[in-house]
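Just below is one structure, and these are the notes that go with it.
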Amino acid sequence: AKDAPVSFEFVGITESSQQVEVRARVDGFLDDRLYTEGSIIKKGDVMFRMDAKPFEAQLDAAQAALAEQEARLWTARADLKRVKPLAKANAVSLKELDDSQGRVNAAAAAVEMARADVETAELNLGYTTIYAPVTGASSFARIQNGAYVDQKNSLLTYVAQLDPMWVEFSISENQILKHLDNVKRGIITEPANKDYVVEIVLADGSVYPHTGKITFADASLSEATGTFLIRAEVDNPEQYLRPGQFVRAFIKGSIRPNGIVV
């Protein structure tokens, strides 16, 4: 009789820890796909380019409108500068002074609005170059070169982060209740701070070289399956694991005091 480790086995499935959809943020024609489908790409790599000419024209128009409004503001300020000394000398009415000040305020507001239009046009032009949002494995392109992209078909592809990976599995209500009862009766001792270790066994029976930690346990029972969802996070620097793999997850860390071992 001696303290013996206890492990619990579950069937799990691997999931990307961050699967991000790559979408077009402006409407237009897709000019080029610049990544290899299925390849590993890094965050910030250029994936797609859209036709930028219409957005360049919009930016030019917005900059011209800003210059026009700035010219009007300069004229309004010059008029106000001339009217102020005349108003002090009672050479013009106070209404003319108020009107001049109002024209300056209106021109200043128009300049701010035109400047905002320039910023919007710059953003839209920048959106024609579409970058990878995360580092990971890329999927196939949903839209081909030359196609028109709008809100209805804005999804271009997605990128799945591979390091770290998630392993999700389910624990039944009966298993949870039995485990809690064993802990309460002292048949099983939980690790300190419930810091369980998750060992992954692949489909060919090999043990995955990196262990994981439980990072999420669903707060509610699934009415459809009668189970609780558990998620473990495991490092995947060599990218052995890919989303959608079925694996066996062994939850280790519990101890059976005075267990009988042969």
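Bear in mind the structure is a predicted one, so any value in this text is a computation, not a measurement. Numbers here simply count residues along the sequence, with the first being 1.
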Answer yes when Arg115 and Glu119 have at least one side-chain N-carboxylate O distance shorter than 4.0 Å, and no when they do not. no
Heavy-atom donor-acceptor pair, Ser170 side chain to Thr227 backbone, under 3.5 Å: no
Check whether Leu125 and Val26 end up in the same hydrophobic cluster, where Ile, Leu, Val, Met, Phe, Trp and Tyr are linked by side-chain heavy atoms less than 4.5 Å apart. yes
Stepwise side-chain contact (heavy atoms from CB on, under 4.5 Å) test for Phe10 and Gln175: CA-CA 11 Å; Phe10 301 94; Gln175 289 173 308; 3.7 Å; yes
Dump the intermediate steps for side-chain contact (heavy atoms from CB on, under 4.5 Å) on Val22 and Ile130, then the final yes or no. CA-CA 8 Å; Val22 179; Ile130 301 169; 3.5 Å; yes
From CA spacing to verdict: side-chain contact (heavy atoms from CB on, under 4.5 Å), Asp218, Ile230: CA-CA 6 Å; Asp218 204 346; Ile230 306 295; over 6 Å; no
Please tell me if the side chains of Leu162 and Pro243 come closer than 4.5 Å, counting only heavy atoms from C-beta onward. yes
With a sphere of 6.0 Å drawn around CG of Asn193, does it hold more than 12 non-hydrogen atoms of other residues, nucleotides or ligands? no
With rounding to the nearest 0.5 angstrom, report the CG to OH distance, Leu156 to Tyr35. 8.0 Å
Is any side-chain N of the basic residue among Asp99 and Lys95 closer than 4.0 Å to the acidic one's carboxylate O? yes
Nearest heavy-atom contact between Tyr148 and Asn153 is O-ND2, 3.0 Å
Can you tell me how far apart CG (Asp117) and CD (Gln69) are? Round to the nearest 0.5 Å. 9.5 Å
Gln239 side chain reached by Ile40 side chain, heavy atoms, under 4.5 Å: yes
If you compare all heavy atoms of Thr128 against all heavy atoms of Asp51, which two are closest, and at what distance to 0.1 Å? CG2-O, 4.2 Å
Which value, rounded to the nearest 0.5 Å, describes the distance between Asn258 atom CG and Asp3 atom CG? 6.0 Å
First locate atom CG of Leu229, then atom CD of Glu168, and finally report the distance between them rounded to the nearest 0.5 Å. 5.0 Å
Is there side-chain contact between Arg72 and Arg103, with at least one heavy-atom pair below 4.5 Å? no
Any side-chain to backbone donor/acceptor pair from Ser138 onto Gly38? Under 3.5 Å, distance only. yes
Any ion pair linking Lys42 and Asp45 (charged N to carboxylate O, less than 4.0 Å)? no
Quick check: closest heavy atoms across Val118 and Ala62, and the distance to 0.1 Å? CG2-O, 3.3 Å
If you define the side chain from C-beta out and look only at heavy atoms, does anything of Val207 sit under 4.5 Å from Leu202? no
Looking only at heavy atoms, the pair that brings Leu80 and Ser100 closest together is CD1-CB, 3.8 Å
Does any pair with a residue in residues 218-262 pass ring-ring contact (aromatic ring centres under 6.0 Å, His included), and if so which ones, sequence neighbours excluded? none
In the structure I gave you, are the side-chain heavy atoms of Met47 and Leu34 within less than 4.5 Å of one another anywhere? no
Between Lys252 and Pro191, is any pair of side-chain heavy atoms under 4.5 Å apart? no
Residues forming a ring-ring contact (aromatic ring centres under 6.0 Å, His included) with Tyr158, sequence neighbours excluded: none
Pair Ser172-Asn174, side-chain donor/acceptor within less than 3.5 Å: no
Check: Glu21 main-chain N/O paired with Arg23 side-chain donor or acceptor under 3.5 Å: no
Side-chain heavy atoms nearer than 4.5 Å, only ILVMFWY residues, links allowed to pass through others: does that put Ile143 and Met50 together? yes
Can you check whether Asn236's main-chain N or O pairs, donor with acceptor, with Asp163's side chain at less than 3.5 Å? yes
Surrounding CZ of Arg248 (heavy atoms of other residues, nucleotides or ligands, distance under 6.0 Å), is the total greater than 12? yes
Hphob cluster co-occupancy, Val104 + Leu86, side-chain heavy atoms under 4.5 angstrom: yes
Closest non-hydrogen atom pair, Ser16 against Trp166: O-CE3, 3.6 Å
side-chain contact (heavy atoms from CB on, under 4.5 Å) assessment of Ile255 paired with Val6: CA-CA 5 Å; Ile255 299 294; Val6 179; over 6 Å; no
Report yes if some heavy atom in the side chain of Val167 is under 4.5 Å from a heavy atom in the side chain of Val247; otherwise report no. yes
Would one find more than 12 heavy atoms of other residues, nucleotides or ligands at under 6.0 Å from atom OH of Tyr131? no
Contact check, side chains of Arg256 and Ile187, non-hydrogen atoms, under 4.5 Å: yes
Before accepting this row, confirm whether a basic side-chain N of the pair Asp195/Lys213 lies closer than 4.0 Å to the acidic partner's carboxylate O. yes
State whether the number of non-hydrogen atoms from other residues, nucleotides or ligands found under 6.0 Å of Leu94 atom CG is greater than 12. no
Starting at OG1 of Thr211, measure out to CG of Asp235 and round the result to the nearest 0.5 Å. 8.5 Å
Which ILVMFWY residues can you reach from Val262 by hopping between side chains whose heavy atoms are under 4.5 Å apart? none
Shared hydrophobic cluster for Val201 and Ile214 (ILVMFWY, side-chain gaps under 4.5 Å): no
Quick check for you: to the nearest 0.5 Å, what is the distance between Asn182 atom CG and Ile188 atom CD1? 4.5 Å
In terms of heavy-atom contacts, does CD of Gln151 have more than 12 from other residues, nucleotides or ligands at under 6.0 Å? no
Pi-cation contact, Phe48 with Arg33 (under 6.0 Å, within 45°): no
Quick one: which of Arg185, Lys178, Lys184 gives a salt bridge (charged side-chain N to carboxylate O under 4.0 Å, His left out) with Asp181? Arg185
Donor-acceptor check, side chain of Thr135 to backbone of Lys43, threshold 3.5 angstrom: yes or no? yes
Over all heavy atoms of both residues, which pair between Glu15 and Met165 is shortest? Give the atoms and the distance, please. O-CE, 3.5 Å
Can Leu30 be reached from Tyr127 by stepping across I, L, V, M, F, W or Y side chains whose heavy atoms are under 4.5 Å apart? yes
